[in-house]
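Before I ask anything, here is the structure I am working with.
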Amino acid sequence: MAMVKDYLKNSFKENINAGNLQFGVAQEIPSAEVAEVLATTKYDWLFVDGEHGAHDIRSIVDIARAIAPYDMTPVVRIPQAGTGIFKQLLDSGIQNIIIPKVESGEEAEQIMYWASYPPRGNRGMGAGAVRAARYGRYPDYLERIEKEICILPQIESKKGIENLEAIATTPGIGGVFLGPIDLAVDMGHGLNIFHPEVVEAMKYAIKRIREFGVSVGTIAVTPEQVKEYADMGVSFLGVGVDTLFLANSADSTLETFKSKL
């Protein structure tokens, strides 16, 4: 049977570059079944959190396969940058990758080196035989993939904010993801992402990144934050987490039923 859609086409990247706000939901549970449930919602992208969730390459690929028939794009946050993990994910057909705690232009350039084919980088030539090129079904993979992958350095520290320009203007990156929680901790405000200094730093970062013509995304924890970020030009937002959905729903369901006793 012929493929039913163009799997190289990166609608997530296309939409964030066009300024079409994309809503994502974080998945911490390494389960294809959970991913498929989330893919039946109206979220646009699935934030597969390999930094904090217990994901490995097998669970990530299973998740990507589970949501492939749906209108949802996997975006994988890796625990740490390195040439091996980029080769595995990219050759497994994962085109959108978030790299946590990037703090300098040199780090961002190194990341693009690992994610790119020669002469820019050092990615190995094996995609034609594996899932990335759908087992040889895309003979033009090498010509197309540079345009379709979306590498997203995450800024979430004071040092990262200081070096924002060098990171955001690194050639080839698909955008910048801002992490307000770790930023608040790094600024000495614990988990208080609403501290005025944290709010000001986030506004500054979003404004500067947009001035460079680069897409920017972050996490919102209230509907009011969604509106504020959208008004500032953020084009991708993480809203909600699978584990918290489960815990909160279990608590509220039990409370509702017990309230009738």
Side-chain angles (χ1 to χ4, degrees), residues 3-56 58-78 89 92-98 100 131 148 150 152 154 174-175 177-181 193 215-257:
M3 287 184 289
V4 296
K5 67 179 182 181
D6 181 356
Y7 286 100
L8 294 190
K9 179 180 170 61
N10 191 340
S11 59
F12 171 78
K13 184 177 184 180
E14 186 176 282
N15 276 302
I16 67 172
N17 285 341
N20 301 324
L21 183 58
Q22 301 292 287
F23 286 93
V25 56
Q27 183 175 343
E28 306 293 341
I29 303 170
S31 160
E33 286 77 11
V34 171
E36 189 165 29
V37 171
L38 293 173
T40 62
T41 68
K42 293 184 178 179
Y43 279 101
D44 305 297
W45 57 287
L46 184 62
F47 181 7
V48 184
D49 186 8
E51 182 187 12
H52 300 296
H55 295 281
D56 58 21
R58 173 50 58 194
S59 70
I60 291 169
V61 174
D62 287 347
I63 285 168
R65 286 190 173 124
I67 71 172
Y70 301 90
D71 192 16
M72 174 182 261
T73 305
V75 179
V76 175
R77 180 163 64 181
I78 59 176
L89 287 178
S92 296
I94 304 301
Q95 295 173 299
N96 305 290
I97 302 175
I98 295 175
R131 185 172 185 269
E148 301 293 351
C150 186
L152 302 161
Q154 181 172 359
F177 190 62
L178 298 173
I181 300 173
I193 64 171
S215 300
V216 57
T218 187
I219 296 165
V221 298
T222 68
E224 291 75 21
Q225 269 194 318
V226 169
K227 177 70 166 62
E228 291 171 7
Y229 287 144
D231 289 345
M232 284 187 254
V234 165
S235 59
F236 58 110
L237 280 171
V239 178
V241 183
D242 61 344
T243 49
L244 300 185
F245 288 161
L246 188 59
N248 293 337
S249 180
D251 286 347
S252 63
T253 299
L254 182 59
E255 185 178 344
T256 299
F257 279 75

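These figures come from a predicted structure and were not determined experimentally.
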Exercise. Are the side chain of Thr218 and the backbone of Leu178 linked by a donor-acceptor contact shorter than 3.5 Å?
Worked result: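 Yes; judged by distance alone, with no hydrogens or angles, the pair exists.
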
Exercise. Could you give the distance from CE (Met232) to CD (Gln225), rounded to the nearest 0.5 Å?
Worked result: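 Rounded to the nearest 0.5 Å, the CE-CD separation comes to 8.5 Å.
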
Problem set entry | Any donor-acceptor N/O pair, His55 side chain to Arg77 backbone, under 3.5 Å |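 No, the answer is negative, given that no donor and acceptor are paired below the 3.5 Å cut-off.
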
Exercise. Quick one: CG on Asp44 to OG on Ser11, what's the gap to the nearest 0.5 Å?
Worked result: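 It comes to 8.5 Å.
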
For this session: With side chain to side chain contact (heavy atoms under 4.5 Å, CB included) as the test, would you mind laying out the steps for Val239 and Val25 before giving the verdict?
Result: CA-CA 5 Å; Val239 178; Val25 56; over 6 Å; no

For this session: Taking all non-hydrogen atoms of both residues into account, name the closest pair between Leu21 and Val234 and its distance.
Result: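 So the two residues come closest at CD1-O, 3.4 Å.
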
Exercise. Nearest 0.5 Å, what's the CG-CD1 distance between Leu89 and Ile97?
Worked result: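 Output value for this atom pair is 5.0 Å.
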
Problem set entry | Heavy-atom closest pair, residues Ile16 and Gly174 |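 For Ile16 versus Gly174, the nearest heavy atoms are CD1-O, 3.9 Å.
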
For this session: State which residue, out of Thr73, Asn96, Asn15, fulfils the side chain to side chain donor-acceptor pair (under 3.5 Å) condition with Asn10.
Result: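 Of the listed residues Thr73, Asn96, Asn15, the side chain to side chain donor-acceptor pair (under 3.5 Å) partner of Asn10 is Asn96.
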
For this session: List the atom of Thr40, the atom of Tyr70, and the distance in Å for their closest heavy-atom pair.
Result: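 Taking Thr40 first and Tyr70 second, the nearest heavy atoms are CG2-CE2, 3.9 Å.
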
Exercise. Is a donor on one side and an acceptor on the other found under 3.5 Å between the side chain of Thr243 and the backbone of Glu28?
Worked result: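 Side chain of Thr243 to backbone of Glu28: no pair is present.
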
For this session: Look up atom OG in Ser215 and atom CG in Leu152, then write down how far apart they are to the nearest 0.5 Å.
Result: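 Ser215 atom OG to Leu152 atom CG measures 8.5 Å (nearest 0.5 Å).
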
Exercise. Between Lys5 and Ala68, is there a donor-acceptor pair closer than 3.5 Å when you use the side chain of the first and the backbone of the second?
Worked result: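 Flag set: sc Lys5 to bb Ala68 pair under 3.5 Å.
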
Problem set entry | Nearest heavy atoms of Ile67 and Ala39, plus distance in Å |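 Result for this residue pair: CG2-CB, 3.6 Å.
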
For this session: Look only at the side chain of Trp45 and the backbone of Gln22, and say whether a donor-acceptor pair between them is shorter than 3.5 Å.
Result: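 The answer is yes, because a donor-acceptor pair under 3.5 Å joins these two groups.
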
Problem set entry | Ser249 side chain to Leu246 backbone, donor-acceptor under 3.5 Å |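 Side chain of Ser249 to backbone of Leu246, a donor-acceptor pair under 3.5 Å: no, none is there.
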
For this session: Please name the pair of heavy atoms, one in Ile63 and one in Ser31, separated by the smallest distance, quoted to 0.1 Å.
Result: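 So the two residues come closest at CG1-O, 3.8 Å.
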
Problem set entry | Shortest non-hydrogen separation from Ser92 to Arg131 and the atoms involved |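 Taking every non-hydrogen atom into account, O-NH1, 2.8 Å.
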
Problem set entry | Minimum side-chain heavy-atom gap Pro30-Ile60 below 4.5 Å |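 Side-chain contact under 4.5 Å: no.
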
Problem set entry | Test item: Thr41 side-chain N/O and Tyr43 main-chain N/O as donor-acceptor pair under 3.5 Å |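 A pair under 3.5 Å: yes.
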
Exercise. Roughly how far apart are Phe177 CZ and Phe236 CZ, rounded to 0.5 Å?
Worked result: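 Answer for the CZ-CZ pair, Phe177 versus Phe236, is 6.5 Å.
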
Exercise. Counting distance only, does the side-chain N/O of Ser59 pair as donor-acceptor with the main-chain N or O of Asp56 below 3.5 Å?
Worked result: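 Yes; at least one donor-acceptor contact below 3.5 Å.
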
